[in-house]
> 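If you scroll down you'll find the structure; I have some questions about it.
Just so we're clear, the structure is a prediction, and the values are computed from it rather than from any experiment.
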Amino acid sequence: QLQLVESGGGLVQPRGSLRLSCTSSEITLDYYAIGWFRQAPGKEREGVSCISSSGGSTSYAATVKGRFTISRDNAKNTVYLQMNYLKPEDTAVYYCAAIFARGPKSQTMCFMRPDEYDSWGQGTRVTISS
């Protein structure tokens with residue numbers, strides 16, 4: 001498994017913004033589809049967003065579409081999740097995950113199910129509260 005590191009979590013007020021980052025010191029993330037997931041207390045881990053290794057395909061959960069934006073900066077070996085207009089229900093631990101996907105077809109795909117990924121970070125906590 002790869003070592004992924006998330007950062008950028010914190011406490012913000014409703015309607016505020018945060019930008020989460022996912023990076024690795026071990027591998028080049030260019031070859032990996034990356035997913036962002038979150039898990040709130042007492043709830044299952046859910047897919048938030050994902051981006052293909054090519055960067056050309058993205059997907060969002062209905063609950064965050066229009067508020068969150070996923071992107072990747074290969075020069076910085078980092079994938080970002082920009083979160084705007086945050087709501088209390090966005091409170092959770094956020095995880096990034098990776099799966100090697102550099103084939104002609106797989107480089108255009110990303111995945112919203114946790115079991116599609118084989119490497120995970122330790123998570124960063126996001127709390128939305130006034």
> Around Glu89, counting heavy atoms of other residues, nucleotides and ligands shown, do more than 12 lie under 6.0 Å from its CD?
yes

> Is there any side-chain hydrogen bond (donor to acceptor under 3.5 Å, both in side chains) pair reaching into residues 103-116, and which pairs are they, with sequence neighbours excluded?
Arg113-Asp115

> Tell me if a side-chain donor or acceptor on Thr91 pairs with a main-chain N or O of Ile128 at a distance below 3.5 Å.
yes

> Test of understanding: with salt bridge (Lys or Arg N to Asp or Glu O under 4.0 Å), list the residues that count as partners of Arg125, not counting sequence neighbours.
none

> Determine whether Ile34 and Ile27 fall in the same hydrophobic cluster, where Ile, Leu, Val, Met, Phe, Trp and Tyr are linked whenever their side-chain heavy atoms lie under 4.5 Å apart.
yes

> Does the pair Arg67/Asp90 count as a salt bridge with the N-to-O cut at 4.0 Å?
yes

> Main chain of Cys110, side chain of Ser52: is a donor-acceptor contact present, judged purely on distance under 3.5 Å?
no

> If I take atom CZ from residue Arg72 and atom OG1 from residue Thr58, how far apart are they, to the nearest 0.5 angstrom?
11.5 Å

> Under a 4.5 Å cut-off applied to non-hydrogen side-chain atoms, are Leu20 and Gln82 in contact?
no

> Side chains of residues 6-15: which donor-acceptor pairs under 3.5 Å do they make with residues two or more places apart or in other chains?
unit_1	atom_1	unit_2	atom_2	d
Glu6	OE1	Gln122	N	3.1
Glu6	OE1	Gly123	N	2.8
Glu6	OE2	Cys96	N	2.9
Glu6	OE2	Gly123	N	3.3

> Donor-acceptor pair, Thr28 side chain versus Asp30 backbone, under 3.5 Å?
no

> Side chains of Ser49 and Leu81: closer than 4.5 Å at any heavy-atom pair?
yes

> If we check side-chain contact (heavy atoms from CB on, under 4.5 Å) with Met83, which of these qualifies: Thr69, Val64, Ile70, Leu18?
Leu18

> Mind jotting down which residue pairs meet the ring pair (Phe, Tyr, Trp, His ring centres under 6.0 Å) criterion with at least one end in residues 86-116? Sequence neighbours excluded, please.
Tyr32-Phe100

> Test of understanding: with side chain to side chain donor-acceptor pair (under 3.5 Å), list the residues that count as partners of Arg19, not counting sequence neighbours.
none

> Which pair of heavy atoms, one from Met112 and one from Ser59, lies closest together, and at what distance?
CG-OG, 3.8 Å

> When you measure from the side chain of Asn77 to the backbone N and O of Leu29, does any donor-acceptor pair fall under 3.5 Å?
yes

> Considering non-hydrogen atoms only, spot the tightest contact between Gln39 and Lys43 and give its length.
NE2-O, 3.1 Å

> With clusters defined by side-chain heavy atoms of hydrophobic residues (ILVMFWY) lying less than 4.5 Å apart, directly or transitively, does Val93 cluster with Val5?
no

> Going by ring pair (Phe, Tyr, Trp, His ring centres under 6.0 Å), name the pairs with one or both residues in residues 46-84, residues two or more places apart or in two chains.
none

> For residues Thr78 and Asp73, is any side-chain donor paired with an opposing acceptor at under 3.5 Å?
no

> Between atom CD1 of Ile51 and atom OG of Ser57, what is the distance when rounded to the nearest 0.5 Å?
8.5 Å

> Could you pull out the closest heavy-atom pair between Trp36 and Ser21, with the gap in Å?
CH2-O, 3.6 Å

> For Ala97 versus Phe37, what's the shortest heavy-atom pair and its separation?
CB-CE1, 4.1 Å

> Closest approach of Trp120 and Tyr117, non-hydrogen atoms and distance?
NE1-O, 3.8 Å

